[in-house]
Structure formats: C-alpha cells, structure tokens
Amino acid sequence: TDRSRGLGDVYKRQVYPRRCPVCDQVLPPGGTMVCPGCLEKLQVREGFHCKKCGKFILQEEKEFCDDCLHTRHSFEEGYGIFPYSGWAQRSMVRFKFHGRAEYGVFYGKMMAYAAQRTLTRWDPQVILPVPMYRKKEKKRGYNQAAILARETGKCLHIPVRGALVRRIRDTKPQKDMTLQMRRKNLKGAFAVSPEAAGYERILLIDDIYTTGATLERAAKMLRIAGAQNVYFLTVSIGQGI
C-alpha cells in the first residue's frame, strides 16, 4: 500500500540517511537534496562548448574540439552539464562504485533543468540509458545511467525505453585504456532492437563522457539498426582541446 511504502521510505532514511551528492555529507531532514553550502558549486559552468560533442573548450574562436575535427561521430550532438574534474569527478566515482545510487535522482533532475534549452532544440522522442552488462549490474545493484534516464524522463515527460539497446557482452574496465583500446573493447558489446528504427530522435543518457567510446559505439549500433538522429546527455564531461 501507499502507507506501507511511505513507512518503508522513512525507515530507509533513518538507517541509510541521504547524502549530499557534492560533498557526501549526511543531509539534514526536510527534503533538501544538496547541502546549502554546496549550492554555489552547482552553477552550470559558462564557457565555450564543442558544437558536436559538447566538451568544454578554452578557445573562443574554436567551434569544435580537436577530437571532433578529426573524427566522424555517429551521434548528432552531445552535451554534458559539469566538467569532469574536482568535486564532480569525485561525486561520479561515489555514484558509480560506492553505492550512492541516490545521487542519480538529483542529477537526473539537474540534467533536465540545466540542458533545457539544448533539449528543446533536439526534441527527443525517447530516452535510452546506456546499458550495463546484466551480471555487472547485479553485482553493483543498479545501473547509474538507468537512474539518470528515469529521473530525466520524468522531468521532461519523455518515455524511457531501456530495452531498445542491451549490453550483450561483458567488457573490461576502461579507465586506463587508450581510445583505440576502448573502441576494440566495445566491439560486439551492444544489441539493438528493431523498434529503434521507428524513432527519428533518440536521446542516450550516461553519467560521464570522456573519450566518448561507449556513447559512440551505442550511437553507431542504433544508427545501423535504423535510428535516424542520436543525441547524448551526461552529468559530467571532459575537457576538449
């Protein structure tokens, strides 16, 4: 019942108190999602973005990062909210590897808010989280991209269809791999449902974009399956050159 679920939520908050996604300190009661002292860190960075992948670039006169100047991507455009450094990098590590699944609720809402103008221009019809291999997801307990996609979808009133793209092969951790090694590692990792061909505008969601190998591979498989335009949105994104 609704009442029993409510009591369960209260019990969980007492045993496992919610933590601020920025500093990881236990949040005070009252429903706040971020420590008051951390709010200023959440200002979306103003700056110059690569017009293709969305990485932050330092030079005003450049429209594209060096990677996008020399690489043909399968996605149309991408966008990341926070630079992958400092507090955001530490937060993503806790989110992915240290059980802080609750961060995803906050970041999903933040993505929908901060990328509102870009998302309005893209006008996606469906949201797909980048999938995780089933055994790995079971071991971790959750797929962080699926949490982000669910919350973003709620805010934007856009359906989330996780079954349209599946991870069918376990891949090695990519943290210390070069871009070429990552691309090789991801071959054969994704399978796409034929239903994907019925969408003109698909939004992929993940937590981080650095080399872009994972999102590129997922977008490529969607395009091969017949999807027309694929975009991506992430919480954090690397620095371009």
Chemist: Counting only N and O atoms by type, is there a donor-acceptor contact under 3.5 Å from the side chain of Arg169 to the main-chain atoms of Tyr133?
Modeler: no

Chemist: Which class fits the ring pair Trp87 and Phe82: parallel under 30°, tilted 30 to 60°, perpendicular over 60°?
Modeler: perpendicular

Chemist: Verify, without hydrogens or angle tests, whether Arg166 (side chain) and Pro131 (backbone) share a donor-acceptor contact under 3.5 angstrom.
Modeler: no

Chemist: Between Tyr103 and Asp24, is there a side-chain heavy-atom distance shorter than 4.5 Å?
Modeler: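 Sidechains of Tyr103 and Asp24: in contact.
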
Chemist: Treating Thr152 as the side-chain partner and Gly108 as the backbone partner, does any N or O pair qualify as donor plus acceptor under 3.5 Å?
Modeler: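 Looks like yes, one N/O pair under 3.5 Å.
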
Chemist: Backbone N or O of Gln228 within a donor-acceptor pair of the Arg223 side chain at under 3.5 Å?
Modeler: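 Present.
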
Chemist: Show, in sequence, the C-alpha distance, side-chain angles and deciding distance for Lys109 and Met33, and conclude whether the side chain to side chain contact (heavy atoms under 4.5 Å, CB included) test is met.
Modeler: CA-CA 11 Å; Lys109 297 178 187 299; Met33 300 185 76; 4.2 Å; yes

Chemist: Within the side chain of Glu200, is there an N or O that forms a donor-acceptor pair under 3.5 Å with the backbone of Asn229?
Modeler: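 Not a single qualifying donor-acceptor pair exists.
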
Chemist: Going by an N to O cut-off under 4.0 Å, is there a salt bridge joining Glu137 and Arg134?
Modeler: no

Chemist: In terms of side-chain heavy atoms, does Thr234 have a donor or acceptor partner in Tyr84 at a distance below 3.5 Å?
Modeler: no

Chemist: Taking ring-ring contact (aromatic ring centres under 6.0 Å, His included) as the cut-off, I'd like each qualifying pair that reaches into residues 211-241, sequence neighbours left out, listed once.
Modeler: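 Non-adjacent pairs meeting ring-ring contact (aromatic ring centres under 6.0 Å, His included): Phe75-Phe232, Trp122-Tyr231, Tyr209-Phe232.
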
Chemist: Do NZ/NE/NH1/NH2 and the carboxylate oxygens of Glu77 and Arg121 come within less than 4.0 Å?
Modeler: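 Salt bridge: yes.
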
Chemist: So, are Glu102 and Arg18 salt-bridged, with charged N and O less than 4.0 Å apart?
Modeler: no

